[in-house]
Amino acid sequence: MDDIRRRRATTKSCNSGDVVSWAKASDALPVPLYLTNGIFFCLFFSVAYFLLHQWRDKIRNSIPLHVLTLSELAAIICLIASFIYLLGFFGIDFVQSFISKSESDEDPQPIGDIHVVPPVQKEKEMEMEMDVVDSEMVRRVVCGEIPSYSLESKLGDCLKAAKIRREAVQQVMGRSLEGLPLERFDYDSILGQCCEMPVGYVQIPVGIAGPLLLNGGEYSVPMATTEGCLVASTNRGCKAIYVSGGATCVLLRDGMTRAPVVRFSSAKRATDLKFFLENPLNFDTLSLVFNKSSRFARLQSIQCAIAGKNLYIGFTCSTGDAMGMNMVSKGVQNVLDFLQSDFPDMDVIGCSGNFCSDKKPAAVNWIEGRGKSVVCEAVITEDVVTKVLKTTVPALVELNMLKNLTGSAIAGALGGFNAHAANIVSAIFIATGQDPAQNIESSHCITMMEAVNDGKDLHVSVTMPSIEVGTVGGGTQLASQAACLNLLGVKGASKESPGANSRLLATIVAGSVLAGELSLMSAISAGQLVKSHMKYNRSSRDVTKICS
């Protein structure tokens with residue numbers, strides 16, 4: 001009855017989609033497997049010892065071995081039973097391996113009331129069960145029983161969490177996300193650092209411009225963009241620079257800023273703190289407190305601005321190969337905590353008061369600089385201007401004066417005295433894992449063009465005071481972005497000279513901007529801008545057929 005009961009239970013689970021394992025001899029007892037094994041092991045060796053002891057006495061006493069007592073007969077039966085059990089326990093899996101191999105490619109066949117399911121069907125049934133579980137999770141997310149942001153922590157599987165969240169969003173909004181890729185992305189790599197509540201990822205093509213000959217080195221510049229002509233135009237500028245002998249780039253300054261705002265009861269108290277912070281005698285103490293935040297953070301200067309009883313404290317520090325916003329923010333917090341003992345009436349309103357200024361166009365960054373301040377120049381020979389850029393030196397000089405300088409001044413531009421620096425900066429930022437929002441101040445640029453060598457050749461330069469880049473942290477550690485950084489030779493932190501990789505990346509950005517400015521200005525001067533965009537930046541496919 002116990003055996004029948006077990007087989008019925010097995011058949012029931014089989015109907016629900018589970019695969020039945022082969023019956024074992026241990027099914028004969030309604031006890032756990034380890035107890036069954038223990039019983040038969042003890043039984044086998046104890047009766048074997050008993051029989052051997054009995055047979056030894058019979059031999060000594062000259063009693064025939066076939067003459068059995070009742071106890072000896074029972075011992076022989078127990079020995080045979082235990083032997084059969086042990087043989088079945090240890091041998092049935094070995095036999096089953098040959099049997100299952102021959103039956104794996106056949107359709108399921110009923111064996112009594114047991115249904116054996118092949119591995120392929122097992123996988124399909126498991127997928128169906130997972131779909132049922134996922135559907136239940138989706139329902140709970142839609143109903144609000146499970147917060148969408150907690151799926152990763154609850155499931156322990158970032159890809160599965162993204163799938164469930166994606167389906168929940170589609171059900172709630174009633175719109176499809178078909179076309180947005182989901183698979184083949186490492187969602188674990190972005191957990192807690194790059195993007196929250198992901199439902200997929202966006203594909204942006206990456207093109208290569210170059211080689212860019214800069215400070216004696218050659219660089220193939222990755223650019224992630226969806227704008228036609230941009231990579232081709234930058235590539236043409238790189239060619240013009242290359243055949244003219246290359247460009248030279250100089251780093252002027254390297255320092256990230258953060259400016260908290262604090263408030264006092266009076267303007268007098270605010271000025272007291274201002275004088276204290278800007279006093280050179282106190283700088284060493286403040287530096288010691290600030291630099292505790294990181295091995296690479298080094299306080300460079302403190303500049304304050306006051307508005308009534310509100311004080312804006314601008315901290316500038318080096319940050320190694322990191323872009324450094326988090327690093328400088330921790331240092332600022334250390335200093336504010338330190339100042340609280342001497343200025344207990346100081347009310348910290350915010351760790352950032354926009355005097356920095358981060359991700360916004362601001363004169364302070366245009367004048368003082370933020371991140372890496374660089375200037376890049378090249379001399380383009382007359383024949384290159386004519387043959388490669390298809391224009392003339394006087395035409396470029398005049399266009400630059402009237403467009404980039406005068407036109408921008410009339411428009412009231414702030415750091416926008418250029419043709420399209422933001423185009424190149426954004427494309428490189430996205431490809432290398434930088435913060436795209438910092439393109440705003442990083443694209444501050446003034447482009448200068450001047451005829452040199454008796455008016456035959458062209459001197460072109462770009463001055464960019466606020467390039468904010470890093471080669472560690474944030475998106476730089478994602479696989480695709482790390483590959484682009486590796487192509488440039490600036491992946492990760494520089495072990496020999498901390499900060500060298502990020503500084504080199506800033507010069508490459510400036511050199512690429514120089515190439516882009518040179519090519520676009522030449523296209524405008526030669527009247528090629530509209531023609532090239534109509535050729536490369538417009539789809540040739542029949543949209544009406546696609547829509548239908």
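Numbers here simply count residues along the sequence, with the first being 1. This structure is a prediction, so every number in the text was calculated from the model and none was measured.
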| task | Starting at CD of Glu167, measure out to OG of Ser135 and round the result to the nearest 0.5 Å. | result | 7.5 Å
| Going by heavy atoms in the side chains, are Gln434 and Gln481 under 4.5 Å from each other? | no
| task | Measure the shortest side-chain to side-chain distance between Ser373 and Ile467 over non-hydrogen atoms and say whether it is less than 4.5 angstrom. | result | no
| task | Step through the shown structure and confirm whether more than 12 heavy atoms of other residues, nucleotides or ligands are within 6.0 Å of CZ on Arg263. | result | no
| field | Within-4.5 Å side-chain heavy-atom neighbours: Met521 and Asn404 | value | yes
| said: Has Thr257 got a side-chain atom pairing as donor or acceptor with Cys356's backbone, closer than 3.5 angstrom? | reply: yes
| field | Residues Ser318, Asp254; criterion side-chain hydrogen bond (donor to acceptor under 3.5 Å, both in side chains); working and verdict | value | CA-CA 6 Å; Ser318 60; Asp254 181 9; over 6 Å; no
| query | Any sub-3.5 Å donor-acceptor pair from Ser443's side-chain atoms to Ile440's backbone N or O? | reply | no
| message | Are Glu145 and Met137 packed together at the side-chain level, in the sense that at least one heavy-atom pair is separated by less than 4.5 angstrom? | response | no
| query | Which class fits the ring pair Trp366 and Phe417: parallel under 30°, tilted 30 to 60°, perpendicular over 60°? | reply | parallel
| request: Say whether, by atom type as modelled, one donor and one acceptor occur between the side chain of Ser426 and the main chain of Asn423 under 3.5 angstrom. | output: no
| Expected output: side-chain Ser519 to main-chain Ser233 donor-acceptor under 3.5 Å | yes
| query | Hey, are the side chains of Glu517 and Asn418 touching, using non-hydrogen atoms and a 4.5 Å cut-off? | reply | yes
Let me check something: any side-chain donor-acceptor pairs from residues 329-336 under 3.5 Å, sequence neighbours excluded? List them with distances.
unit_1 : atom_1 : unit_2 : atom_2 : d
Ser329 : OG     : Arg258 : NE     : 3.3
Ser329 : OG     : Met325 : O      : 2.8
Gln333 : NE2    : Asp337 : OD1    : 3.1

| query | Leu182 versus Lys163: any side-chain heavy-atom pair under 4.5 Å? | reply | yes
| query | Taking side chain as C-beta onward, heavy atoms only, is Leu177 less than 4.5 Å from Val199? | reply | yes
| request: Please examine the side chains of Leu212 and Glu218, heavy atoms only from C-beta on, and report whether any two atoms are closer than 4.5 Å. | output: no
| Flag, side chain of Ser293 to backbone of Val328, donor-acceptor distance under 3.5 Å | no
| message | Tell me every residue that passes side-chain hydrogen bond (donor to acceptor under 3.5 Å, both in side chains) with Ser466, counting only those two or more places apart in sequence or in another chain. | response | none
| message | Please give me the minimum heavy-atom distance between Ala427 and Thr225, naming the atom from each residue. | response | CB-CB, 4.3 Å
| field | Minimal non-hydrogen separation, Asp321 against Ser494, with atom names | value | OD2-N, 2.7 Å
| task | Could you tell me whether a side-chain N or O of Asn354 sits under 3.5 Å from a main-chain N or O of Ser357, the two making a donor and an acceptor? | result | no
| request: Report, as yes or no, whether the 6.0 Å neighbourhood of atom NZ on Lys154 holds more than 12 heavy atoms from other residues, nucleotides or ligands. | output: no
| task | Could you tell me whether Arg370 and Glu441 make a salt bridge, using a distance below 4.0 angstrom between a side-chain N and a carboxylate O? | result | yes
| remark: Of all heavy-atom pairs linking Leu518 and Ala240, the shortest is CD2-CB, 4.1 Å
| field | N/O donor-acceptor pair under 3.5 Å between Arg184 side chain and Pro181 backbone | value | no
| What's the verdict on side chain to side chain contact (heavy atoms under 4.5 Å, CB included) for Leu485 and Leu505, showing C-alpha distance, side-chain angles and the deciding distance? | CA-CA 9 Å; Leu485 289 171; Leu505 179 58; 4.1 Å; yes
| query | When you measure from the side chain of Thr471 to the backbone N and O of Gly492, does any donor-acceptor pair fall under 3.5 Å? | reply | yes
| Can you name the closest pair of heavy atoms from Thr319 and Met256 and give their distance? | CG2-CB, 4.0 Å
| task | First locate atom CG of Asn215, then atom CG of Leu504, and finally report the distance between them rounded to the nearest 0.5 Å. | result | 8.5 Å
| field | Asn326 atom CG: more than 12 heavy-atom contacts under 6.0 Å | value | no
| query | Rounded to the nearest 0.5 Å, how far apart are OG1 of Thr316 and CG of Leu299? | reply | 8.0 Å
| message | For Val221 versus Leu488, what's the shortest heavy-atom pair and its separation? | response | CA-CD2, 4.1 Å
| query | salt bridge (charged side-chain N to carboxylate O under 4.0 Å, His left out) between Glu152 and Arg165: does it pass, once the steps are laid out? | reply | CA-CA 10 Å; Glu152 281 78 5; Arg165 181 181 297 111; 2.8 Å; yes
